[in-house]
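Accompanying notes for the structure given below.
First the proteins, then the strands, lettered A, B, ... as listed; each starts at 1.
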Amino acid sequence: MPIPTPTPVSATALRRAALVAAACQQMEQAEPTPSLADLAAHAGLSTFHFHRVFKAETGLTPKAYANAARARRLRDELGDAGSITEALYGAGFQSSSRFYEASERLLGMRARAYRDGGADAEIRFAVGQCSLGAILVAQSAKGICAILLGEDPEALVRQLQDLFHKARLVGGDAGFEHLMAQVVGFVEAPALGLQLPLDIRGTAFQERVWQALHSIPPGSTASYAEIAERIGAPTAARAVAQACGANRIAVAIPCHRVVRRDGDLSGYRWGVERKRELLGREAVPS
DNA sequence: GGTTCTCTGCCGC
DNA sequence: GCGGCAGAGAACC
């Protein structure tokens, strides 16, 4: 049994993490969004250095984080019924013209469409069987929004309901069988790739991690720390692991290719045995 | 279209 | 580890 690797956490690392956390909170709450100089002054660092520390910890620049925070607030505000005008001021926009300019980019659709249920309008799904057990495939208007694996089909449907509790879930029709067949085929042989659009929904950080996972070719693996480095947040290995665990599109977002640095498979949201099986399948027979 | 802010590469202490 | 400049680019007015 190897000695468990100690995780050295220096005092400065803790302080940096605390500073960044405080800055994040400031951006979530302050109105209007604090400038880089404000944040740096608050942290007691120069703007230059603060910027670097923030990016190293989070993988995002302060500006990008602030934008993501504002987008999230906008979603919440629009979700709480009210008028669009109320929502845009609630989300920290100064004027309606700036809002309409930015909101489409932020939401991926018109604000009204979002408020009226756009993103969560209708999700079609079906449950089937594959060599890994039960599989649930769900699709929104934008693409595949979930691939769940497990033992019990009913449990998978409950998971889907939890993930998209605002959506109208519709059992798959005949056309869906074709999609299901495609996905199952892909799970049986992931190296073939899945040529279908994905509807990826996560925080800015999660989406960066998931994006980075696509750069791990089938048949190989990467460590959590390597992914953290790849997205420019070398100290965020734990956060990377959490983002992998939050992935709801199994196999297509290949979080099974992320393992511990010492080669240990670590965990897998869908069960470590499935991870082992998938990696075995992808291993190139020489 | 000018100004201000953000971001990064590079260097110095 | 931290500060700072230069210069490019984006955002803002």
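With sequence neighbours excluded, the residues that form a side-chain contact (heavy atoms from CB on, under 4.5 Å) with A:E188 are A:C130, A:S131, A:V184, A:R281. Considering only residues two or more places apart in sequence or on other chains, A:R208 meets the side chain to side chain donor-acceptor pair (under 3.5 Å) condition with none of them. Scanning for salt bridge (Lys or Arg N to Asp or Glu O under 4.0 Å) contacts around A:R276 gives A:E273, with sequence neighbours left out. A:A68 meets the side-chain contact (heavy atoms from CB on, under 4.5 Å) test with A:A204; sequence neighbours excluded. Residues passing the side chain to side chain donor-acceptor pair (under 3.5 Å) test with A:S220, sequence neighbours excluded: none. Under the side chain to side chain donor-acceptor pair (under 3.5 Å) criterion, A:R261 pairs with no residue at all, not counting sequence neighbours.
Relative to the side chain of A:H51, the nucleotides B:dC7, B:dT6, C:dC2 differ in distance, and B:dC7 lies closest. Relative to the side chain of A:S35, the nucleotides B:dT8, C:dG1, B:dT6 differ in distance, and B:dT6 lies closest.
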Donor-acceptor pairs under 3.5 Å, side chain of residues 35-46 of chain A to any protein atom, not counting sequence neighbours: which ones?
unit_1 : atom_1 : unit_2 : atom_2 : d
A:S35  : OG     : A:A37  : N      : 3.4
A:S35  : OG     : A:D38  : N      : 3.1
A:S35  : OG     : A:D38  : OD2    : 3.2
A:D38  : OD2    : A:S35  : N      : 3.2
A:S46  : OG     : A:H49  : N      : 3.0

Tabulate below the donor-acceptor pairs under 3.5 Å that side-chain atoms of residues 14-30 of chain A make, not counting sequence neighbours, or state none.
unit_1 : atom_1 : unit_2 : atom_2 : d
A:E28  : OE1    : A:R72  : NH2    : 3.4
A:E28  : OE2    : A:Y65  : OH     : 2.8
A:E28  : OE2    : A:R72  : NH2    : 2.9

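The residue A:T12 sits apart from the nucleic acid: no heavy atom pair falls under 4.0 Å.
Closest approach of A:P62 to A:F50, counting heavy atoms only: CG-CE2, 4.1 Å.
Rounded to an integer number of Å, the gap from CG of A:L36 to P of C:dA11 is 15 Å. Taking atom CZ of A:F54 as the reference point, atom C1' of C:dC2 lies 18 Å away to the nearest angstrom.
Where the helix from B:dG1-C:dC13 to B:dC13-C:dG1 starts and where it ends, the local axes point in directions that differ by 20°; five pairs per end, rounded to 10°.
A salt bridge is absent between A:E282 and A:K275: the closest approach of a Lys/Arg side-chain nitrogen to an acidic carboxylate oxygen does not fall below 4.0 angstrom.
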Using the 3.5 Å cut-off, write out each protein N or O paired with an N or O of nucleotides 3-7 of chain C and the distance between them.
unit_1 : atom_1 : unit_2 : atom_2 : d
C:dG3  : OP2    : A:S46  : N      : 3.0
C:dG3  : OP2    : A:S46  : OG     : 3.3
C:dG3  : N7     : A:R52  : NH2    : 3.4
C:dG4  : O6     : A:R52  : NH1    : 2.7
C:dG4  : O6     : A:R52  : NH2    : 2.8

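Between A:K55 and B:dT6 there is no side-chain N or O to OP1 or OP2 distance below 4.0 Å.
Applying the 4.5 Å side-chain rule to ILVMFWY residues, one finds A:V259, A:V272, A:L279 in the same cluster as A:L265.
Annotation: proximity of residues 56-63 of chain A to DNA chain B (heavy atom, distance under 4.0 Å) is found for A:T61, A:P62, A:K63, numbered in ascending order.
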